[in-house]
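The block underneath contains the structure these notes are about, expressed in structure tokens.
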Amino acid sequence: MLNDKDVKEMLAALDIDSVERLFDDIPESVRANLDGLQEGMSELQVRRHVESILAKNRDPRDTASFLGAGAYDFYVPAAVRAVMSRSEFLTSYTPYQSELSQGLLHALFEYQSMMAELTSMEVVNNSIYDYATALGEAILMAARLTKGTVFLIPEAMSRSKLSVIENYCRGAGIQLRRYKFDRTSGCADLESMKNQITDEIIGAYVETPNLFGVLETQLDDIRGLLDSKIFVAGVNALSLGIVRPPGDYDADIVITEGQIFGNPVNFGGPHLGVLACKKKFVRKMPGRVIGMTTDADGNRAFCMTLMTREQHIRREKATSNICTNEALTAIATASYLALTGGGDLRKLAISIAEKSRRLAKRLDELSGCKAPMFDGAHFSEFVVTLPKDASSIASQMLEKGVIPGVPLSHLIKGMENELLISVTDKTTLDDADSLVLTLQEVIQ
Amino acid sequence: MLNDKDVKEMLAALDIDSVERLFDDIPESVRANLDGLQEGMSELQVRRHVESILAKNRDPRDTASFLGAGAYDFYVPAAVRAVMSRSEFLTSYTPYQSELSQGLLHALFEYQSMMAELTSMEVVNNSIYDYATALGEAILMAARLTKGTVFLIPEAMSRSKLSVIENYCRGAGIQLRRYKFDRTSGCADLESMKNQITDEIIGAYVETPNLFGVLETQLDDIRGLLDSKIFVAGVNALSLGIVRPPGDYDADIVITEGQIFGNPVNFGGPHLGVLACKKKFVRKMPGRVIGMTTDADGNRAFCMTLMTREQHIRREKATSNICTNEALTAIATASYLALTGGGDLRKLAISIAEKSRRLAKRLDELSGCKAPMFDGAHFSEFVVTLPKDASSIASQMLEKGVIPGVPLSHLIKGMENELLISVTDKTTLDDADSLVLTLQEVIQ
Amino acid sequence: MSFRQARHEEPLTFEMAYCEVGESMPVPDGLLPANLVRKDVPCIPKLSEREMVRHFTALSQMNYGVDSGFYPLGSCTMKYGPKINEELASLPKAADIHPLQPEETVQGTLQILYELQNMLATITGMDAVSLQPAAGAQGEFTGLLIARAFHEKNGEERTEVVLPDTSHGTNPASAVMAGFNVVTIPSKDGRVDLDALSAAVSEKTAAFMLTNPNTLGIFESQVLEIAKIMHDAGALLYYDGANVNAIMGKTTPGKMEFDIVHLNLHKTFSTPHGGGGPGSGPVCVKERFAGFLPVPVVAKKGEGYSLNYDIPDSIGKVHGFYGNWGVMLRAYAYILMNGRDGLTEAAERAVLNSNYLKKLVERFLVVPYSGLRKHEFVASGSSLKEKGVRTMDVAKRLIDYGFHPPTVYFPLLIEEALMIEPTETEVKYTLDKFAEALASIVKESPEILHNAPQNASVKRVNETEAAKKLILTYRDYLEDIE
Amino acid sequence: MSFRQARHEEPLTFEMAYCEVGESMPVPDGLLPANLVRKDVPCIPKLSEREMVRHFTALSQMNYGVDSGFYPLGSCTMKYGPKINEELASLPKAADIHPLQPEETVQGTLQILYELQNMLATITGMDAVSLQPAAGAQGEFTGLLIARAFHEKNGEERTEVVLPDTSHGTNPASAVMAGFNVVTIPSKDGRVDLDALSAAVSEKTAAFMLTNPNTLGIFESQVLEIAKIMHDAGALLYYDGANVNAIMGKTTPGKMEFDIVHLNLHKTFSTPHGGGGPGSGPVCVKERFAGFLPVPVVAKKGEGYSLNYDIPDSIGKVHGFYGNWGVMLRAYAYILMNGRDGLTEAAERAVLNSNYLKKLVERFLVVPYSGLRKHEFVASGSSLKEKGVRTMDVAKRLIDYGFHPPTVYFPLLIEEALMIEPTETEVKYTLDKFAEALASIVKESPEILHNAPQNASVKRVNETEAAKKLILTYRDYLEDIE
Ligand SMILES: Cc1ncc(COP(=O)(O)O)c(C=O)c1O
Ligand SMILES: Cc1ncc(COP(=O)(O)O)c(C=O)c1O
């Protein structure tokens with residue numbers, strides 16, 4: 001690479017004899033090389049090497065799996081992948097130069113519009129890293145909108161999510177307090193929430209379906225309780241095909257995970273943190289927003305707008321530090337939604353809810369099992385209570401080729417015998433059969 | 001699909017009440033439905049169904065394989081696949097409207113130019129279906145160029161290829177006659193060829209490397225023998241990185257298989273039949289040719305040219321019936337060659353020839369084996385003589401996970417103990433080791 | 001704002017990088033006999049991956065496919081192909097299978113081929129299938145070789161193939177390649193003229209080649225009469241299946257008493273056309289011709305599948321291996337995904353679109369022959385001749401509106417023909433836009449039309465100059481500019 | 001002939017198809033409590049696959065990426081990413097792995113992550129690595145949380161982060177998010193002013209954030225003095241690794257005595273930027289900070305690998321799972337493919353390209369500060385101000401020549417800044433063409449420049465109107481036109 005004709009001509013133009021001269025400004029005292037690395041490989045070697053390592057992974061083709069808890073293995077249509085492979089999208093960056101980037105801007109505007117329809121919210125930004133960080137940003141945003149210092153979150157929240165938002169709250173000095181859940185329904189305990197609402201409260205986060213897969217029923221009551229405090233709702237995006245959208249119960253900020261729409265689970269990332277809010281709050285929103293406008297000829301055009309909220313303009317006064325986001329996964333989601341449409345989304349949501357119901361019922365029939373554990377309504381995920389420790393049952397089932405779900409003890413404390421089970425459109429009847437049979441074998 | 005709003009409006013415009021009315025011109029007497037087919041499937045179902053069937057195949061990742069004989073499993077770089085996936089190429093058709101198709105035309109012009117350089121020929125068309133049919137077309141073309149009725153072909157030719165060209169010659173009433181090969185060198189027997197050259201001869205086909213992988217050494221002599229008769233040369237495209245190109249020994253028509261450059265083996269198709277010739281013969285050539293010209297502004301532009309040779313203009317007087325060809329594989333080949341360049345092509349050819357040599361040497365050391373069987377020079381393929389029937393040895397080796405090559409008896413008569421072995425850039429040392437070890441075990 | 005194709009100043013690869021010809025890159029001693037060694041390195045410039053990808057990406061943007069917009073190229077069935085097909089065809093277990101692998105290692109492929117044979121037999125109403133021909137034209141060639149072998153076996157010397165003037169160019173060309181003389185009969189009212197046919201048919205007639213619906217998009221309702229004429233004369237009826245897209249689920253060539261049929265998998269069964277190919281042209285025949293099919297045919301063998309070479313009267317082979325497997329796999333997936341209802345609906349929608357668009361176009365252009373059309377129709381630009389405008393000008397002007405032009409000047413019996421096949425994958429919105437564009441083009445001035453296109457990556461291309469200068473390679477170009 | 005971007009009349013999906021809102025599509029009884037049921041179907045129009053693909057294909061052609069052409073966006077390292085990376089990242093065994101799978105079922109992924117941690121430690125000269133941050137900015141945030149936790153553990157309350165005025169906007173924003181006050185110090189001659197630094201540092205200083213080479217492309221040769229100032233004050237030195245592309249194989253942040261480093265895998269290690277993301281921003285630290293890294297870190301465990309949550313002083317988590325695995329895998333493949341020599345050569349070529357292009361640009365534009373540059377340089381458009389031309393006009397005009405404009409108006413200390421980073425994947429031909437274009441633009445009339453671009457899919461976009469009207473969804477648009 002470095003002894004070609006070009007290099008010679010460039011060195012001559014620079015009047016130096018070797019590329020090494022260009023590094024004369026790096027003092028000897030800090031010189032270091034890369035001898036710790038290996039020599040390069042050919043493309044074929046890299047492919048073989050990586051494939052051989054990845055062969056050690058088990059994927060859903062090998063192993064029936066009922067994992068969910070924030071990452072959902074739905075089918076990604078080939079057409080979505082075809083869109084993702086369009087290199088004009090793939091190899092571009094933040095559309096700073098709108099004239100040259102109308103395609104991306106147009107697509108992201110559609111993403112905003114579709115997500116706004118889905119959530120019934122007025123404004124949607126162009127992505128936060130993932131659900132957990134979107135929640136972190138949502139709390140920071142809520143804090144900018146009020147004078148409070150304390151934010152209410154549910155008792156039932158996974159360790160990971162909690163840790164992320166604790167980190168997001170640390171700098172701003174926001175204190176997190178928990179409200180309880182009802183042990184029978186699995187829903188929020190409104191008394192507990194109510195008792196904690198004081199002047200110092202910024203607002204509350206309500207998750208529906210929550211960690212247990214239970215859909216919150218008292219959303220209007222919560223809105224009432226919160227009054228002018230900020231209501232942050234976290235939802236399962238697909239559930240909105242059949243479940244009341246947050247705009248309907250007047251949530252102020254909404255977050256969800258867009259991965260479910262057209263993106264693979266990817267071992268947890270890239271995912272797609274979605275953040276929506278009321279339009280009156282848009283100036284306090286983190287992340288990028290695309291607006292429609294016109295060009296010099298008066299034709300429709302798009303551009304990034306409200307950039308004065310952002311770090312590259314506002315620096316330490318920015319609404320967030322986010323720069324590189326998850327735009328490509330947002331494009332995937334836009335294309336997925338355009339291919340699916342509201343009607344088919346509803347059908348898909350119905351079929352998933354029904355599938356989940358059927359599976360819960362079958363598990364409930366096994367002796368010593370209760371499914372779903374809670375009375376509340378569910379969407380795609382539910383907790384099953386097992387007669388024994390869920391982790392060890394899961395390990396035994398894995399040996400028989402089934403990953404039965406997430407032991408709840410991996411997510412929160414104090415629920416040893418519980419397993420969180422999730423279905424997707426890829427879950428077949430065969431999968432369900434092997435789950436039920438294998439579980440039966442293992443608990444006998 | 002057929003009860004949407006659009007359909008209703010279109011039916012109204014046509015003033016009919018049902019789509020069925022549009023089929024009133026199909027008499028009852030010929031009506032037939034598709035009840036023999038199954039109901040449709042979802043994309044996910046199709047994917048799973050096809051993948052589960054394909055899982056029954058063994059591919060080179062499972063099974064070390066030394067198959068060649070016209071289809072060569074060379075590595076296809078990801079960048080070539082990226083080019084192939086550009087839907088503007090993929091979903092277009094023959095560039096009848098050149099203004100809208102400059103991209104394809106430009107790329108095909110480059111394909112022609114690169115293939116011309118590689119073969120040292122003046123003109124290359126835009127593809128014939130595959131090697132065998134390119135040979136068929138080459139013989140027909142040769143017949144158009146002379147008054148003869150008989151065409152000479154080598155004795156050592158695979159059954160398949162022979163059958164294809166017999167079919168191509170049938171209509172034109174061309175008779176095929178065979179010239180022998182030298183049992184020691186594996187090269188053409190020039191005496192045998194010479195003896196058959198009479199007035200009725202159209203020309204001769206010479207393959208180098210030939211069926212045995214042997215490179216023809218007496219090409220200038222053959223040219224001399226043929227005099228003004230048509231010299232059709234068939235070559236291994238990659239070998240031309242190091243082997244004298246046909247233009248160099250004044251061949252008139254050249255055919256080769258382009259699959260080797262950037263296309264997977266594809267169970268035999270799509271492949272890429274390459275046909276090149278001297279410019280003075282271009283008006284008798286089959287298939288499409290792209291020319292450079294200018295547009296109304298005087299800028300460089302490309303278009304199909306000499307279309308009056310083709311069936312869509314010339315009908316029964318056309319130089320061939322070919323219409324749909326293999327343009328996309330030609331694009332793959334063009335991008336492969338652009339990525340590789342002449343220098344790396346030479347390096348690749350050298351490394352393949354060396355790898356093949358080393359393997360032959362190792363096999364030759366096994367008791368009862370002779371490799372290569374023939375004295376002549378080889379490129380990537382060679383024949384090994386085994387102590388026993390090659391087919392049964394191959395079957396036994398397959399059970400041990402090695403496909404050792406093509407038993408020659410599958411290709412021609414009378415060579416029961418011979419196996420044709422081929423290496424590619426994907427052939428690893430491990431593969432070679434298992435070939436040698438497994439063969440050793442099996443013949444003991 | 002209107003359509004404008006991208007334009008990139010793309011040089012030839014030869015102008016982007018230099019050839020390493022001059023550099024010494026010797027072949028190691030002893031690797032080859034000296035007289036076999038290539039002296040020069042082939043002059044193929046090497047681009048970096050970045051350059052190569054950027055080059056072909058730029059070129060692709062200067063090309064127009066079905067994924068770019070409406071592509072009503074009559075007779076070619078430019079329908080949208082589902083992307084899942086592309087993914088399946090590039091799976092290693094599909095693409096990296098060697099054609100000479102032992103049968104037991106390719107059972108998956110053989111099963112798919114076997115099932116596809118059966119599916120195509122059902123769709124065509126025929127009994128036996130060869131998937132080997134690599135395109136429609138090769139299917140014709142193969143079908144006619146079968147006809148030839150059949151007659152020869154019966155001891156008959158039949159030297160003529162009859163076909164209508166509306167037939168596709170490949171039909172006569174294939175007939176000649178198969179060794180027949182071509183007898184062309186004129187059409188009457190856009191259909192086969194039965195009298196002309198009867199007159200043309202004799203004991204020399206090997207077969208009559210017909211596509212139904214024909215290239216005017218008109219269904220040959222008298223097809224059983226045609227069959228009778230042929231069969232009474234001891235001749236065969238050959239079906240050019242390029243237009244099967246129009247009749248799936250409504251009728252079959254088998255039911256119409258055709259003897260031999262080819263299909264174009266890349267048309268009816270959705271494979272993208274790849275800038276000209278690859279395609280696949282299976283031949284389907286009635287039982288009595290099954291023994292003549294090319295070898296091998298895929299057969300069931302116990303629990304598994306095998307390549308059957310034991311076909312007594314087989315014509316042999318027409319392809320080095322088994323044809324274009326990659327295309328067959330796509331067709332298989334397409335048929336699976338659509339199923340019987342999906343295929344029937346595809347035909348219905350294709351015919352609806354065609355008749356609807358015809359209705360719109362008739363308002364401002366003559367569409368000869370009244371009545372129903374199937375998948376396509378042919379309009380005539382003859383009314384524009386008086387203002388000095390040719391059909392080709394209309395075609396070029398359509399480009400400026402963002403549409404790929406229809407097939408022009410074919411079939412020949414329609415003056416200034418515009419052959420329009422919308423296919424079922426288009427929606428009314430597109431058809432309306434296209435008709436609007438055509439309507440306004442018809443009214444535009446000759447100047448505008450003669451200077452079209454303005455919005456493609458180049459202006460009108462000088463094809464005459466191309467044929468005169470014959471610059472077919474970069475080397476030709478260098479010589480030309482010298 | 002010159003560059004022209006494609007233009008397609010693409011409506012919004014909402015304008016292409018209708019919503020099924022009105023249609024009854026009831027949720028089956030009993031599936032949900034009545035008060036939870038969504039009444040309306042979400043108004044998201046459904047397109048056919050053909051429409052969807054054609055729509056996004058058209059949009060893609062109206063977008064410009066590295067694969068489209070030169071993209072010298074300073075600070076963003078828009079280098080070409082090998083296509084093999086994309087294929088690897090989409091393998092089912094990479095993409096379809098669930099983050100909560102038991103460890104024994106994700107050993108392949110864990111091995112790659114483990115090896116990548118080690119590779120990055122080598123490349124940065126640091127001791128321990130967290131791959132969790134999802135982008136550079138999150139890496140900064142994470143790094144500063146570590147600094148905070150470190151000081152807190154030592155019982156120190158340090159509330160300030162110092163940074164130079166050349167620092168990237170994410171640096172101050174991240175510092176604030178981590179709870180620090182920001183102290184900005186001015187540069188001197190394009191480098192850190194040591195006096196200003198000494199003056200700014202106190203017992204309140206938690207860390208100094210620096211990228212080296214800095215955003216002017218200038219190497220901070222006094223980096224060891226800077227380190228000394230910081231360390232003497234008990235403060236940490238934070239390295240913004242966005243510019244590591246310039247120094248691989250020449251020096252490391254570790255050797256330069258930085259304490260905490262983030263990398264941007266999507267810049268230096270070639271992941272395509274995806275229209276804004278995803279990225280990945282690993283944090284690499286010296287041994288004494290290893291105990292503060294986010295959980296989990298991938299550790300070796302017997303023959304295999306595991307996710308280690310047992311990190312005593314860990315700050316916890318910054319991502320719901322483990323960060324952007326898809327990006328890490330690409331970086332891993334990229335490092336494997338290049339190896340030590342390849343990475344070193346990448347840095348060398350990047351720096352050569354930058355200095356060469358600077359040389360060309362200096363002929364007609366001021367490039368403040370003399371001397372060597374590393375991966376980028378910043379020119380000033382101030383000389384054009386007198387004819388009423390702003391840097392933004394130059395940028396827009398570059399579009400007409402087919403180039404993506406450089407970063408403009410950053411860093412702020414250069415008036416009318418044009419920040420140009422060619423990267424190593426470009427060749428001299430492209431740099432020459434770009435310089436030529438810039439040279440002629442500088443001479444062009446203000447009219448031309450103010451009216452640029454003419455060759456993009458739209459003309460100059462009215463950003464002021466966008467901010468005033470705030471049409472952020474299709475619904476906003478409908479309200480606006482009412
Ligand atoms: C009516 C008809 N017949 C035959 C053919 C030839 O088929 P192919 O192009 O696949 O060789 C075509 C192709 O355009 C056609 O339209
Ligand atoms: C110097 C510098 N630091 C930090 C960042 C932020 O990184 P990211 O965009 O990955 O969040 C950037 C990105 O542009 C940068 O250029």
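Quick note on labels: first sequence line is chain A, next is B, and so on, each numbered from 1.
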Between D:L360 and chain A, which part of the residue has a heavy atom less than 4.5 Å away: side chain, backbone, both or neither?
neither
Proximity breakdown for D:H404 and chain A, heavy-atom pairs closer than 4.5 Å
both
The interface call for D:Y332 against chain A, heavy-atom contacts under 4.5 Å, is side chain
Hey, are D:T109 and A:N57 close enough side-chain-wise for a donor-acceptor pair under 3.5 Å?
yes
With a 4.5 angstrom heavy-atom cut-off, could you sort out which part of D:N338 is near chain A: side chain, backbone, both or neither?
backbone
D:L100 portion near chain A, given a 4.5 angstrom heavy-atom threshold:
both
Is A:R86 close to chain D through its backbone or its side chain, or both, or neither, when contacts mean heavy atoms under 4.5 Å?
side chain
Please check this pair: side chain of D:Q101 against backbone of A:R58, looking for a donor-acceptor N/O pair closer than 3.5 Å.
yes
Counting neighbours of CZ on A:R159 that are heavy atoms of other residues, nucleotides or ligands and sit closer than 6.0 Å, is the number greater than 12?
yes
Please examine the side chains of A:V50 and D:L329, heavy atoms only from C-beta on, and report whether any two atoms are closer than 4.5 Å.
yes
Mutual orientation of the aromatic rings belonging to D:F141 and A:Y168 [parallel < 30°, tilted 30-60°, perpendicular > 60°]:
tilted
Without hydrogens or angle criteria, can the side chains of D:E465 and A:T294 be said to hold a donor-acceptor pair below 3.5 Å?
yes
Atom group of A:V243 that falls short of 4.5 Å from chain D, counting heavy atoms:
both
What part of D:F219 lies closer than 4.5 angstrom to a heavy atom of chain A: side chain, backbone, both or neither?
both
Tell me, side chain or backbone of D:A467 under 4.5 Å from chain A's heavy atoms, or both, or neither?
both
Strictly by modelled atom types, are D:H98 and A:S65 linked by a side-chain donor-acceptor pair under 3.5 Å?
no
